[in-house]
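The chains referred to below are lettered A, B, ... by the order of the sequence lines, with proteins before strands, and numbering in each begins at 1. The figures here come from the full heavy-atom set of this structure, side chains too, leaving out hydrogens, waters and symmetry mates.
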Amino acid sequence: MKALIKLHVKENARGRSFVLFGILGGLVSLVLLTGGLVIVDNNPTEKIISQFGTQWKFLSILSGLAAVAVSMGTIERHRKEKRTELLALHGLGLDRQLFSLAIGNAIVSIMLSAILALVLVFIVIFGQAPTSLLGFAAAFASYLLTAGIVALIVSVLNMFLPGVVAAVLGVFLVMIGSFHQIIQGMFLNNSQPAGRILGKAMNLLPPLDVFNRLTRCLFFLEFNGGRDLTVFLIFIWLTMTAVYLAGKGVSRREKI
Amino acid sequence: MIRIKILSKRFGNKEIFRNLNLEFEAGKVFALIGPNGAGKTTLMRMVLGWEGDYEGEIIFNGDLRLGYSPETPYFPEILTGRQVLSYFMEVRGMGRDARERESLRLMDAAGLDVQKDPLVKHYSKGMRQRLGVAQALIGEPDVVLLDEPSAGLDFFGQQEIQGLIGKLKDRGKTVILNSHLLYDVEKVADCGYLFINAHTFRHFDKREFVKESLAEMFINTAKGANA
């Protein structure tokens, strides 16, 4: 599996998308640093918190979209080019191939997300950020893992759906997930039964805003409980399990 | 030896094989000849275990190791030929030293220049086919299945592949060759099977070429089937 993961990362972690997302992330960080998009009262502490909070929110959405862009179509391409059969002949079953590709997608997405947040890293190191090294490292890790989760979900979708459809669904999941609690609240407050059912059904979608809140809490050293962390870890476990089971299912169906 | 007894193999409503009985003896070069859609590639895939949906059985004499080169093999374009071989070896769990040694040996066996080894995306069709054969030899297989290894190659490229197949035979490998190039087959095959349609096939041996060329044999068998 290691050989395929290495090759997949090498094949995908190159090209213009890295430069593009690096510039994009840098621009977002710089614009928000100058306070361009942050409207608060003249309280400096509040302004800094708002600036960094908004940065994490924007970067989180961008990294989710980057994960979709990186992962869309990779599994479909692998199968169309008939890479599966030779690898199976050399001892790597289809289920393990699919698992490797999903992990590879997650790794590339994490690398891309790290590049997206590069300017933020410099701002934190050389600027005045309300965090500690440990807090920032923990926040950064949860931010990167969120992108990895999105990549894994899109990979699972791509095992069953064409790349474009998986990408559209991926973008939908990122956008809905980024405002999960607000949208869910709207549905649950709806008096109609359909609204409440939709609200409940949203529990199946990844609550990216909860993961983002965890990132911000860790960053601002306000981590005060395990609920968000527990949801986060459960979701990582659920996603990994879904990748594993989906790979097994496809492999059994295709008899490779 | 591989013994194939297929009562029926279908793709939907289309019958590919009916009452097919074939035997592949060890150490010989076998050719599968037939028109497009006759099921030659399907037969190879059945031997490899990728087409399990059929009535009948395929019996392997002992625990045979199989190697396979597809008609249009996919190789990662960002790797060199030697790195491609090393990649497949790593998938098999071979260590770094063994990979270094074996990739060098197989590149040499396939007539690929290790010194001037460009990225696969710069490989010619002939070089890709030879790399395909080299890949099929990883793990010292007993039986090597080659699907149209000379397709699209010029005369010199075809001769190189013929030479490669001859070397495989000299090393005691059983080769199952799927080819449209009758001249190519006459040069390298010891024997083989002609497929005309789902239920018409015949065995041939190279000693028969004295009386009848493969092309004549093919035409006569097809005429007999249509009569």
**OP:** For B/Arg171, look at atom CZ and say whether over 12 heavy atoms of other residues, nucleotides or ligands are found less than 6.0 Å away.
**Re:** yes
Original post:
Does CZ belonging to A/Phe122 count more than 12 external heavy atoms closer than 6.0 Å?
Top reply: no
Original post:
Only one of A/Arg83, A/Glu85, A/His78 forms a side-chain contact (heavy atoms from CB on, under 4.5 Å) with B/Tyr74, so which one is it?
Top reply: A/Arg83
Original post:
What residue in A/Glu254, A/Arg96, A/Lys6 has the most heavy-atom pairs under 4.5 Å with chain B?
Top reply: A/Lys6
Original post:
Can you tell me how far the OH atom of B/Tyr68 sits from the NE2 atom of A/His90, to the nearest 0.5 Å?
Top reply: 11.5 Å
Original post:
For B/Gln135, is it the side chain, the backbone, both, or neither that has a heavy atom closer than 4.5 Å to a heavy atom of chain A?
Top reply: both
Original post:
Is atom NZ of B/Lys125 surrounded by more than 12 heavy atoms (other residues, nucleotides or ligands) closer than 6.0 Å?
Top reply: yes
Original post:
At what distance, to the nearest 0.5 angstrom, does CZ of B/Phe88 lie from CG of A/Leu87?
Top reply: 5.5 Å
Original post:
Which distance, rounded to the nearest 0.5 Å, do you find between the CG of A/Leu4 and the CD of B/Glu90?
Top reply: 10.0 Å
**OP:** Evaluate whether atom CZ of B/Phe60 has more than 12 neighbouring non-hydrogen atoms of other residues, nucleotides or ligands under 6.0 angstrom away.
**Re:** yes
Subject >> Nearest heavy atoms of B/Pro70 and A/Leu86, plus distance in Å >> reply: CD-CD2, 4.0 Å
Subject >> Spatial distance of atom CZ (B/Arg65) from atom CG (A/Leu89) [nearest 0.5 Å] >> reply: 12.5 Å
Original post:
Above 12 or not: heavy atoms from other molecules or residues under 6.0 Å from CG of B/Asp170?
Top reply: yes
Original post:
Around B/Arg105, counting heavy atoms of other residues, nucleotides and ligands shown, do more than 12 lie under 6.0 Å from its CZ?
Top reply: yes
Subject >> Heavy-atom neighbours of A/Arg253 CZ exceed 12 at 6.0 Å >> reply: yes
Subject >> Separation between CD of B/Glu77 and CD of A/Glu11, rounded to the nearest 0.5 Å >> reply: 9.0 Å
Original post:
Side chain, backbone, both or neither: which part of A/Lys10 has a non-hydrogen atom closer than 4.5 Å to chain B?
Top reply: both
